[in-house]
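Source: prediction; values computed, not measured. Each residue takes its place number in the sequence, starting with 1.
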Amino acid sequence: MTAHKFGFDTQQLHAGQVPDPAVRARAVPIYQSTSFVFKDFASAKAINAIDEFGYEYSRTGNPTNEVLETRVAALEGGTAALSLASGAAAVTYAILNVATAGDEIVAGRAVYGGTFSLLAHTLPKYGVKTIFVDPDRPEDFDAAVTERTKAIFVETIGNPNANVVDVDAVARIAKARGIPLIVDNTLATPYLFRPFEHGANVVVHSATKYIGGHGNSIGGLIVDGGNFNWAGGKFPSFTTPDPSYNGLIHWERWGAYPGIGNFAFVMKARLQYLRDMGACLSPLNAFLLLIGLETLSFRVERQVQSAQRLAEFLAAHPDVAWVNHPGLKNSPYHDLAQRILPKGAGAVFSFGIRGGEARAAKFVEAVKVFSFLANVGDSKSLIVHPATVTHAQLNATQLAQAGITPELIRLSVGTEDVDDLIWDLEQAFEATKP
Ligand SMILES: *Cc1c(COP(=O)(O)O)cnc(C)c1O
(Lines give C-alpha, C1' and ligand atoms only; values in the text may rest on other atoms or scores of the structure.)
Protein backbone atom coordinates (compact mmCIF):
# COMPACT_ATOMS: atom_id res chain seq x y z
CA MET A 1 0.00 0.00 0.00
CA THR A 2 2.63 2.53 0.98
CA ALA A 3 4.40 2.11 -2.37
CA HIS A 4 1.34 3.36 -4.25
CA LYS A 5 1.70 6.96 -5.39
CA PHE A 6 -1.62 8.81 -5.44
CA GLY A 7 -2.49 11.05 -8.38
CA PHE A 8 -2.98 14.82 -8.29
CA ASP A 9 -6.80 14.71 -8.20
CA THR A 10 -6.73 12.33 -5.23
CA GLN A 11 -4.08 14.28 -3.36
CA GLN A 12 -5.86 17.63 -3.75
CA LEU A 13 -8.79 16.06 -1.85
CA HIS A 14 -7.00 13.92 0.72
CA ALA A 15 -3.34 14.78 1.31
CA GLY A 16 -2.56 15.89 4.84
CA GLN A 17 -5.86 14.87 6.37
CA VAL A 18 -7.07 11.92 8.37
CA PRO A 19 -10.64 12.13 9.68
CA ASP A 20 -10.55 14.24 12.82
CA PRO A 21 -9.51 11.97 15.71
CA ALA A 22 -11.86 13.63 18.20
CA VAL A 23 -15.24 13.27 16.45
CA ARG A 24 -14.27 11.70 13.10
CA ALA A 25 -15.49 14.69 11.06
CA ARG A 26 -15.00 14.13 7.31
CA ALA A 27 -14.45 17.80 6.40
CA VAL A 28 -11.33 19.47 7.78
CA PRO A 29 -12.40 21.05 11.10
CA ILE A 30 -11.82 24.77 11.54
CA TYR A 31 -9.71 24.91 14.68
CA GLN A 32 -10.50 28.56 15.34
CA SER A 33 -8.51 28.55 18.56
CA THR A 34 -5.66 30.84 19.50
CA SER A 35 -4.10 28.27 21.79
CA PHE A 36 -4.09 24.60 22.75
CA VAL A 37 -4.13 23.06 26.21
CA PHE A 38 -0.91 21.26 27.07
CA LYS A 39 -1.34 17.61 27.89
CA ASP A 40 1.04 17.91 30.84
CA PHE A 41 4.20 19.66 32.00
CA ALA A 42 6.56 17.28 30.20
CA SER A 43 4.73 17.75 26.92
CA ALA A 44 4.76 21.56 27.26
CA LYS A 45 8.50 21.39 27.82
CA ALA A 46 9.09 19.05 24.88
CA ILE A 47 6.99 21.14 22.49
CA ASN A 48 8.91 24.27 23.41
CA ALA A 49 12.24 22.54 22.99
CA ILE A 50 10.81 21.23 19.68
CA ASP A 51 11.67 17.72 20.79
CA GLU A 52 8.04 16.98 20.03
CA PHE A 53 5.70 18.54 17.45
CA GLY A 54 2.53 19.83 19.02
CA TYR A 55 0.23 22.80 18.91
CA GLU A 56 0.69 25.63 21.32
CA TYR A 57 -0.33 29.00 19.88
CA SER A 58 -1.86 29.59 16.43
CA ARG A 59 0.61 32.23 15.33
CA THR A 60 3.23 29.55 14.68
CA GLY A 61 1.08 26.49 14.06
CA ASN A 62 -2.55 25.40 13.79
CA PRO A 63 -4.08 22.04 12.84
CA THR A 64 -6.37 23.44 10.11
CA ASN A 65 -3.48 25.36 8.59
CA GLU A 66 -1.33 22.26 8.82
CA VAL A 67 -3.67 20.32 6.54
CA LEU A 68 -3.34 23.09 3.94
CA GLU A 69 0.44 23.10 4.36
CA THR A 70 0.79 19.33 4.01
CA ARG A 71 -1.57 19.24 1.05
CA VAL A 72 0.17 21.97 -0.92
CA ALA A 73 3.58 20.42 -0.12
CA ALA A 74 2.29 17.11 -1.49
CA LEU A 75 0.90 18.70 -4.66
CA GLU A 76 4.19 20.54 -5.28
CA GLY A 77 6.28 17.49 -4.43
CA GLY A 78 8.07 19.32 -1.60
CA THR A 79 8.95 18.17 1.92
CA ALA A 80 6.91 20.73 3.90
CA ALA A 81 5.11 24.04 3.61
CA LEU A 82 4.36 27.10 5.70
CA SER A 83 1.01 28.88 5.37
CA LEU A 84 0.95 32.66 5.74
CA ALA A 85 -1.55 35.50 5.78
CA SER A 86 -0.90 36.46 2.15
CA GLY A 87 1.21 35.77 -0.88
CA ALA A 88 3.07 38.99 -0.13
CA ALA A 89 4.03 37.59 3.31
CA ALA A 90 5.19 34.36 1.68
CA VAL A 91 7.48 36.24 -0.71
CA THR A 92 8.78 38.49 2.09
CA TYR A 93 9.59 35.67 4.51
CA ALA A 94 11.16 33.56 1.77
CA ILE A 95 13.56 36.40 0.96
CA LEU A 96 14.27 37.31 4.60
CA ASN A 97 15.02 33.66 5.30
CA VAL A 98 18.10 33.83 3.06
CA ALA A 99 19.15 37.48 2.87
CA THR A 100 20.23 39.98 5.52
CA ALA A 101 21.85 43.43 5.29
CA GLY A 102 24.61 43.45 2.69
CA ASP A 103 23.14 40.58 0.68
CA GLU A 104 21.70 40.60 -2.80
CA ILE A 105 18.89 38.92 -4.72
CA VAL A 106 18.72 38.52 -8.48
CA ALA A 107 15.14 38.66 -9.77
CA GLY A 108 13.29 38.67 -13.06
CA ARG A 109 12.15 42.16 -13.94
CA ALA A 110 8.56 41.14 -14.74
CA VAL A 111 7.68 40.05 -11.20
CA TYR A 112 4.32 40.80 -9.57
CA GLY A 113 3.90 44.48 -8.61
CA GLY A 114 3.94 43.90 -4.84
CA THR A 115 7.05 41.74 -5.13
CA PHE A 116 8.70 44.38 -7.28
CA SER A 117 8.14 47.13 -4.73
CA LEU A 118 9.27 44.85 -1.87
CA LEU A 119 12.54 44.12 -3.68
CA ALA A 120 13.08 47.52 -5.30
CA HIS A 121 11.99 49.83 -2.48
CA THR A 122 11.28 48.22 0.89
CA LEU A 123 14.09 45.67 1.36
CA PRO A 124 16.85 48.10 0.27
CA LYS A 125 15.95 50.15 3.38
CA TYR A 126 17.14 47.12 5.36
CA GLY A 127 20.27 46.62 3.27
CA VAL A 128 19.02 43.88 0.94
CA LYS A 129 19.53 44.89 -2.66
CA THR A 130 17.96 43.32 -5.75
CA ILE A 131 19.38 43.28 -9.25
CA PHE A 132 16.57 42.98 -11.79
CA VAL A 133 17.29 41.23 -15.08
CA ASP A 134 15.42 40.32 -18.26
CA PRO A 135 13.66 37.04 -17.37
CA ASP A 136 13.82 35.96 -21.03
CA ARG A 137 17.62 35.73 -20.84
CA PRO A 138 18.84 33.10 -18.36
CA GLU A 139 22.44 34.17 -19.01
CA ASP A 140 21.60 37.60 -17.55
CA PHE A 141 20.79 35.98 -14.21
CA ASP A 142 24.25 34.41 -14.24
CA ALA A 143 25.92 37.71 -15.08
CA ALA A 144 24.15 39.47 -12.19
CA VAL A 145 25.18 36.96 -9.49
CA THR A 146 27.92 38.19 -7.15
CA GLU A 147 29.59 36.92 -3.98
CA ARG A 148 26.73 38.50 -2.04
CA THR A 149 23.87 36.93 -3.98
CA LYS A 150 21.71 34.73 -1.75
CA ALA A 151 18.94 33.67 -4.13
CA ILE A 152 17.49 33.93 -7.62
CA PHE A 153 13.78 34.77 -7.74
CA VAL A 154 11.47 34.22 -10.72
CA GLU A 155 7.81 33.66 -11.52
CA THR A 156 6.96 30.67 -13.72
CA ILE A 157 4.40 32.68 -15.68
CA GLY A 158 4.42 36.47 -15.47
CA ASN A 159 1.54 38.88 -15.17
CA PRO A 160 0.01 40.53 -17.18
CA ASN A 161 1.86 39.45 -20.31
CA ALA A 162 2.12 35.69 -19.64
CA ASN A 163 5.88 35.62 -20.18
CA VAL A 164 7.20 32.13 -19.44
CA VAL A 165 10.56 31.67 -17.68
CA ASP A 166 12.89 28.84 -18.65
CA VAL A 167 13.02 27.54 -15.08
CA ASP A 168 15.35 24.64 -16.00
CA ALA A 169 17.95 27.02 -17.40
CA VAL A 170 17.73 29.43 -14.46
CA ALA A 171 17.88 26.50 -12.00
CA ARG A 172 21.09 25.26 -13.61
CA ILE A 173 22.64 28.69 -13.06
CA ALA A 174 21.51 28.85 -9.42
CA LYS A 175 22.86 25.37 -8.79
CA ALA A 176 26.24 26.15 -10.37
CA ARG A 177 26.46 29.29 -8.17
CA GLY A 178 25.49 27.44 -4.98
CA ILE A 179 22.40 29.55 -4.34
CA PRO A 180 18.73 28.58 -4.14
CA LEU A 181 16.18 29.27 -6.84
CA ILE A 182 12.90 30.60 -5.42
CA VAL A 183 9.96 30.30 -7.81
CA ASP A 184 6.63 32.07 -7.44
CA ASN A 185 4.34 29.44 -8.95
CA THR A 186 1.07 31.32 -8.37
CA LEU A 187 -0.04 31.67 -11.97
CA ALA A 188 1.03 28.20 -13.05
CA THR A 189 -0.20 26.23 -10.00
CA PRO A 190 1.28 22.78 -9.27
CA TYR A 191 -1.31 21.34 -11.65
CA LEU A 192 0.37 22.96 -14.67
CA PHE A 193 3.97 23.11 -13.42
CA ARG A 194 5.95 21.61 -10.55
CA PRO A 195 9.07 23.75 -10.11
CA PHE A 196 10.98 21.22 -7.97
CA GLU A 197 10.99 18.81 -10.93
CA HIS A 198 12.79 21.56 -12.86
CA GLY A 199 15.47 22.28 -10.26
CA ALA A 200 13.83 24.96 -8.11
CA ASN A 201 14.51 24.83 -4.36
CA VAL A 202 11.72 26.92 -2.84
CA VAL A 203 8.23 27.64 -4.17
CA VAL A 204 6.00 30.50 -3.03
CA HIS A 205 2.30 30.95 -3.70
CA SER A 206 -0.36 33.53 -3.40
CA ALA A 207 -3.08 31.05 -2.39
CA THR A 208 -5.47 33.97 -2.87
CA LYS A 209 -5.47 33.15 -6.57
CA TYR A 210 -5.91 29.65 -8.03
CA ILE A 211 -5.39 27.59 -4.86
CA GLY A 212 -8.40 29.24 -3.19
CA GLY A 213 -9.94 29.90 -6.56
CA HIS A 214 -13.13 31.54 -5.37
CA GLY A 215 -12.05 35.06 -4.54
CA ASN A 216 -12.91 34.88 -0.84
CA SER A 217 -9.64 34.63 1.14
CA ILE A 218 -6.16 36.12 1.08
CA GLY A 219 -3.41 33.60 1.88
CA GLY A 220 0.07 32.49 0.95
CA LEU A 221 2.45 29.55 1.20
CA ILE A 222 6.15 28.79 1.17
CA VAL A 223 7.01 25.26 0.04
CA ASP A 224 10.36 23.63 0.77
CA GLY A 225 11.79 21.52 -2.05
CA GLY A 226 14.02 19.72 0.45
CA ASN A 227 16.69 19.70 -2.25
CA PHE A 228 19.06 22.49 -1.23
CA ASN A 229 22.20 21.97 0.83
CA TRP A 230 22.21 24.92 3.22
CA ALA A 231 25.58 23.82 4.58
CA GLY A 232 27.47 24.92 1.46
CA GLY A 233 28.99 27.90 3.30
CA LYS A 234 26.88 30.82 2.11
CA PHE A 235 24.11 30.44 4.69
CA PRO A 236 25.50 30.63 8.21
CA SER A 237 22.01 31.36 9.60
CA PHE A 238 21.22 27.71 8.85
CA THR A 239 24.45 26.20 10.16
CA THR A 240 25.37 28.24 13.23
CA PRO A 241 23.53 28.39 16.57
CA ASP A 242 20.36 30.51 16.45
CA PRO A 243 20.58 32.82 19.49
CA SER A 244 16.84 33.49 19.21
CA TYR A 245 16.19 29.78 19.69
CA ASN A 246 18.47 28.82 22.52
CA GLY A 247 21.33 27.93 20.18
CA LEU A 248 19.35 25.60 17.92
CA ILE A 249 21.15 24.86 14.62
CA HIS A 250 18.46 24.67 11.94
CA TRP A 251 20.41 22.60 9.45
CA GLU A 252 21.35 20.02 12.08
CA ARG A 253 17.82 19.73 13.38
CA TRP A 254 15.80 19.92 10.13
CA GLY A 255 18.27 19.00 7.39
CA ALA A 256 17.59 15.24 7.44
CA TYR A 257 14.58 14.73 9.66
CA PRO A 258 13.24 11.18 10.03
CA GLY A 259 10.17 10.68 7.83
CA ILE A 260 10.38 14.18 6.31
CA GLY A 261 13.89 14.79 5.00
CA ASN A 262 15.23 18.30 4.59
CA PHE A 263 12.69 20.93 5.60
CA ALA A 264 15.12 23.42 7.12
CA PHE A 265 13.94 26.31 4.96
CA VAL A 266 10.34 26.11 6.08
CA MET A 267 11.24 25.43 9.73
CA LYS A 268 13.59 28.39 9.94
CA ALA A 269 10.96 30.66 8.34
CA ARG A 270 8.35 29.41 10.81
CA LEU A 271 10.51 29.59 13.91
CA GLN A 272 12.12 32.94 13.19
CA TYR A 273 10.01 35.07 10.85
CA LEU A 274 6.51 33.81 11.51
CA ARG A 275 7.21 33.86 15.24
CA ASP A 276 8.62 37.42 15.18
CA MET A 277 6.70 39.11 12.37
CA GLY A 278 3.48 37.26 12.79
CA ALA A 279 1.75 37.16 9.38
CA CYS A 280 -0.14 33.98 10.25
CA LEU A 281 -3.05 32.66 8.21
CA SER A 282 -6.43 32.55 9.94
CA PRO A 283 -7.73 28.96 10.33
CA LEU A 284 -11.02 30.00 8.74
CA ASN A 285 -9.14 31.19 5.66
CA ALA A 286 -7.13 27.96 5.62
CA PHE A 287 -10.44 26.07 5.60
CA LEU A 288 -11.79 28.14 2.69
CA LEU A 289 -8.54 27.72 0.76
CA LEU A 290 -8.73 23.95 1.35
CA ILE A 291 -12.28 23.79 -0.05
CA GLY A 292 -11.03 25.61 -3.14
CA LEU A 293 -7.98 23.40 -3.44
CA GLU A 294 -10.17 20.28 -3.70
CA THR A 295 -11.10 21.27 -7.27
CA LEU A 296 -7.86 22.97 -8.40
CA SER A 297 -7.09 20.63 -11.29
CA PHE A 298 -10.64 20.72 -12.68
CA ARG A 299 -10.86 24.48 -12.57
CA VAL A 300 -7.44 25.10 -14.05
CA GLU A 301 -7.91 22.50 -16.79
CA ARG A 302 -11.08 24.30 -17.88
CA GLN A 303 -9.57 27.76 -17.43
CA VAL A 304 -6.53 27.08 -19.63
CA GLN A 305 -8.74 25.59 -22.35
CA SER A 306 -11.04 28.61 -22.32
CA ALA A 307 -8.08 31.01 -22.20
CA GLN A 308 -6.67 29.38 -25.33
CA ARG A 309 -10.07 29.77 -27.09
CA LEU A 310 -10.31 33.42 -26.06
CA ALA A 311 -6.73 34.13 -27.12
CA GLU A 312 -7.47 32.69 -30.57
CA PHE A 313 -10.74 34.64 -30.79
CA LEU A 314 -8.96 37.88 -29.86
CA ALA A 315 -6.01 37.26 -32.19
CA ALA A 316 -8.47 37.04 -35.11
CA HIS A 317 -10.47 40.09 -34.04
CA PRO A 318 -10.18 43.29 -36.13
CA ASP A 319 -10.39 45.53 -33.03
CA VAL A 320 -7.39 43.83 -31.39
CA ALA A 321 -3.85 45.03 -32.13
CA TRP A 322 -2.01 42.12 -30.49
CA VAL A 323 -2.41 39.24 -28.03
CA ASN A 324 0.20 37.97 -25.53
CA HIS A 325 -0.59 34.32 -24.91
CA PRO A 326 2.02 31.53 -24.97
CA GLY A 327 -0.50 29.18 -26.58
CA LEU A 328 -0.48 31.24 -29.79
CA LYS A 329 1.94 30.17 -32.52
CA ASN A 330 3.37 33.68 -32.89
CA SER A 331 4.18 34.02 -29.17
CA PRO A 332 7.92 34.18 -28.39
CA TYR A 333 7.10 31.78 -25.49
CA HIS A 334 5.21 29.25 -27.61
CA ASP A 335 7.97 26.61 -27.88
CA LEU A 336 9.10 27.00 -24.28
CA ALA A 337 5.49 26.72 -23.05
CA GLN A 338 4.94 23.58 -25.16
CA ARG A 339 8.00 22.09 -23.48
CA ILE A 340 7.51 23.03 -19.83
CA LEU A 341 3.74 23.71 -19.63
CA PRO A 342 2.26 20.94 -21.79
CA LYS A 343 -1.11 21.04 -19.96
CA GLY A 344 -1.56 24.73 -20.75
CA ALA A 345 0.17 28.06 -20.30
CA GLY A 346 -2.11 29.54 -17.68
CA ALA A 347 -5.31 31.54 -17.92
CA VAL A 348 -4.06 35.09 -17.35
CA PHE A 349 -3.01 36.98 -20.47
CA SER A 350 -3.24 40.35 -22.13
CA PHE A 351 -4.30 41.94 -25.39
CA GLY A 352 -4.04 45.39 -26.93
CA ILE A 353 -7.31 47.05 -27.88
CA ARG A 354 -7.42 49.31 -30.92
CA GLY A 355 -8.38 52.74 -29.63
CA GLY A 356 -5.87 52.91 -26.78
CA GLU A 357 -6.57 53.82 -23.18
CA ALA A 358 -9.76 55.73 -24.03
CA ARG A 359 -11.37 52.64 -25.51
CA ALA A 360 -9.91 50.32 -22.84
CA ALA A 361 -11.63 52.50 -20.23
CA LYS A 362 -15.00 52.00 -21.92
CA PHE A 363 -14.34 48.31 -22.59
CA VAL A 364 -13.74 47.34 -18.94
CA GLU A 365 -17.04 49.03 -18.08
CA ALA A 366 -18.94 47.45 -20.99
CA VAL A 367 -18.34 43.79 -20.10
CA LYS A 368 -21.25 41.97 -18.45
CA VAL A 369 -19.82 38.56 -17.45
CA PHE A 370 -16.21 39.56 -16.74
CA SER A 371 -15.73 41.50 -13.49
CA PHE A 372 -13.65 44.70 -13.57
CA LEU A 373 -11.40 44.26 -10.55
CA ALA A 374 -7.81 43.72 -9.37
CA ASN A 375 -7.35 39.99 -8.86
CA VAL A 376 -6.53 36.87 -10.86
CA GLY A 377 -7.23 33.16 -10.56
CA ASP A 378 -10.86 33.37 -9.48
CA SER A 379 -13.42 30.91 -10.90
CA LYS A 380 -15.13 34.02 -12.20
CA SER A 381 -13.63 35.76 -15.21
CA LEU A 382 -11.87 39.03 -14.44
CA ILE A 383 -10.71 42.03 -16.46
CA VAL A 384 -8.49 44.96 -15.62
CA HIS A 385 -6.52 47.82 -17.17
CA PRO A 386 -3.09 47.28 -15.54
CA ALA A 387 -1.54 50.66 -16.45
CA THR A 388 -4.10 52.52 -14.32
CA VAL A 389 -4.93 49.88 -11.69
CA THR A 390 -2.64 46.98 -10.78
CA HIS A 391 0.57 48.60 -12.03
CA ALA A 392 -0.33 52.24 -11.40
CA GLN A 393 2.53 52.62 -8.90
CA LEU A 394 5.16 52.04 -11.60
CA ASN A 395 6.80 54.99 -13.31
CA ALA A 396 6.90 55.35 -17.11
CA THR A 397 10.24 53.53 -17.50
CA GLN A 398 9.14 50.67 -15.25
CA LEU A 399 5.85 50.38 -17.14
CA ALA A 400 7.71 50.21 -20.45
CA GLN A 401 10.12 47.57 -19.08
CA ALA A 402 7.20 45.49 -17.82
CA GLY A 403 5.54 45.81 -21.24
CA ILE A 404 2.47 47.57 -19.87
CA THR A 405 1.12 49.90 -22.52
CA PRO A 406 -2.00 52.13 -22.43
CA GLU A 407 -4.00 49.84 -24.77
CA LEU A 408 -3.22 46.72 -22.71
CA ILE A 409 -6.14 44.86 -21.13
CA ARG A 410 -5.57 41.86 -18.87
CA LEU A 411 -7.96 38.93 -18.66
CA SER A 412 -8.10 36.20 -16.02
CA VAL A 413 -10.29 33.54 -17.56
CA GLY A 414 -12.75 31.75 -15.29
CA THR A 415 -14.86 28.62 -15.55
CA GLU A 416 -17.99 30.10 -17.16
CA ASP A 417 -19.23 28.70 -20.50
CA VAL A 418 -16.59 29.82 -22.94
CA ASP A 419 -19.27 30.83 -25.47
CA ASP A 420 -20.63 33.29 -22.93
CA LEU A 421 -17.17 34.77 -22.45
CA ILE A 422 -16.71 35.18 -26.19
CA TRP A 423 -20.19 36.71 -26.43
CA ASP A 424 -19.30 39.12 -23.63
CA LEU A 425 -16.09 40.34 -25.26
CA GLU A 426 -17.82 40.67 -28.64
CA GLN A 427 -20.66 42.76 -27.23
CA ALA A 428 -18.10 44.95 -25.42
CA PHE A 429 -16.22 45.52 -28.70
CA GLU A 430 -19.53 46.49 -30.35
CA ALA A 431 -20.56 48.77 -27.47
CA THR A 432 -17.22 50.63 -27.57
CA LYS A 433 -16.84 51.07 -31.34
CA PRO A 434 -15.40 54.53 -31.95
C1 LIG B 1 -1.18 38.16 -5.95
C2 LIG B 1 0.22 37.74 -6.11
C3 LIG B 1 1.15 37.86 -5.07
C4 LIG B 1 0.77 38.49 -3.74
O5 LIG B 1 -0.18 37.70 -3.10
P6 LIG B 1 -1.29 38.27 -2.08
O7 LIG B 1 -2.00 37.03 -1.69
O8 LIG B 1 -2.14 39.24 -2.84
O9 LIG B 1 -0.55 38.93 -0.98
C10 LIG B 1 2.42 37.42 -5.26
N11 LIG B 1 2.79 36.87 -6.45
C12 LIG B 1 1.94 36.75 -7.48
C13 LIG B 1 2.40 36.14 -8.74
C14 LIG B 1 0.62 37.16 -7.35
O15 LIG B 1 -0.23 37.03 -8.37
Side-chain angles (χ1 to χ4, degrees), residues 6 10-39 43-44 46-48 50-87 89-90 93-94 97 190 202-208 211-212 217-226 250 253-254 257-275 277-294 296:
F6 290 110
T10 306
Q11 292 195 56
Q12 71 186 358
L13 279 164
H14 291 284
Q17 190 206 6
V18 287
D20 171 52
V23 298
R24 307 192 56 74
R26 178 63 277 190
V28 176
I30 308 166
Y31 287 101
Q32 193 72 24
S33 184
T34 54
S35 33
F36 300 86
V37 180
F38 294 121
K39 200 164 71 207
S43 169
I47 287 171
N48 280 280
I50 335 180
D51 289 334
E52 176 180 302
F53 288 119
Y55 304 107
E56 173 169 16
Y57 189 63
S58 281
R59 184 181 340 113
T60 49
N62 174 281
T64 308
N65 297 17
E66 188 179 329
V67 178
L68 177 67
E69 290 162 352
T70 310
R71 191 163 299 174
V72 172
L75 294 173
E76 284 286 4
T79 51
L82 177 64
S83 61
L84 294 158
S86 65
Y93 290 8
N97 212 24
V202 174
V203 162
V204 293
H205 274 286
S206 169
T208 313
I211 286 179
S217 309
I218 306 277
L221 289 132
I222 299 175
V223 191
D224 196 328
H250 292 283
R253 288 294 292 277
W254 326 119
Y257 200 86
I260 299 177
N262 165 7
F263 70 137
F265 190 84
V266 148
M267 278 305 274
K268 191 169 92 75
R270 185 189 295 279
L271 296 178
Q272 295 179 339
Y273 297 101
L274 184 55
R275 176 196 61 186
M277 297 182 174
C280 56
L281 182 67
S282 130
L284 176 59
N285 280 10
F287 172 81
L288 292 166
L289 296 170
L290 277 163
I291 298 292
L293 188 53
E294 293 190 351
L296 177 70

Judged by atom type as modelled, is there a donor-acceptor pair below 3.5 Å linking the side chain of T208 to the main-chain atoms of G219? yes
Measure from the side-chain N and O atoms of T60 to the backbone N and O of R275, and report whether any donor-acceptor pair falls under 3.5 Å. no
Using the six-membered ring wherever Trp is involved, compare the ring planes of W254 and F263 and label them parallel, tilted or perpendicular (cut-offs 30° and 60°). perpendicular
Would you call F38 and N48 a side-chain contact if the rule is heavy atoms closer than 4.5 Å? yes
Where D20 and P29 come nearest, the two heavy atoms and their spacing: CB-CG, 3.7 Å
Extract all donor-acceptor atom pairs below 3.5 Å that involve side chains of residues 280-290 and protein atoms in other chains or at least two apart in sequence.
from	atom 1	to	atom 2	distance (Å)
S282	OG	L284	N	3.2
S282	OG	N285	N	3.3
N285	ND2	I218	O	3.4

Worked check of side-chain contact (heavy atoms from CB on, under 4.5 Å) between R253 and K268: CA-CA 10 Å; R253 288 294 292 277; K268 191 169 92 75; over 6 Å; no
Ring pair (Phe, Tyr, Trp, His ring centres under 6.0 Å) partners for F36, two or more places apart: Y55
Using only atom types and a distance under 3.5 Å, with no angle test, would you say the side chain of N97 pairs donor to acceptor with the backbone of Y93? no
Could you tell me the separation between the CG atom of L68 and the CG atom of L221, rounded to the nearest 0.5 Å? 5.0 Å
Considering all heavy atoms of both residues, which atom of V204 and which atom of A94 are nearest to each other, and what is their separation? CG1-CB, 3.8 Å
Under 3.5 Å, which donor-acceptor pairs do the side chains of residues 70-80 form with other protein atoms, sequence neighbours left out?
from	atom 1	to	atom 2	distance (Å)
T70	OG1	E66	O	2.8
R71	NE	A15	O	2.8
R71	NH1	Q12	O	3.4
R71	NH1	L13	O	3.4
R71	NH2	L13	O	3.2
R71	NH2	A15	O	3.3
E76	OE2	N185	ND2	3.0
E76	OE2	H205	NE2	2.7
T79	OG1	D224	O	3.3
T79	OG1	N262	O	2.8

CZ-CD1 distance between R270 and I50, expressed to the nearest 0.5 angstrom: 10.0 Å
Heavy atoms of Q17 and R26 approach each other most closely as NE2-O, 2.8 Å
Does H250 form a side-chain contact (heavy atoms from CB on, under 4.5 Å) with F265? I'd like the steps, not just the answer. CA-CA 8 Å; H250 292 283; F265 190 84; over 6 Å; no
Grab the two heavy atoms, one from E52 and one from S43, that are nearest each other, plus how far apart they are. OE2-OG, 3.1 Å
Does S58 offer a backbone N or O that forms a donor-acceptor pair with the side chain of T34 under 3.5 Å? no
Heavy-atom count around R24 CZ within 6.0 Å, excluding the residue itself: above 12? no
Shortest non-hydrogen separation from S83 to N65 and the atoms involved: OG-CB, 3.5 Å
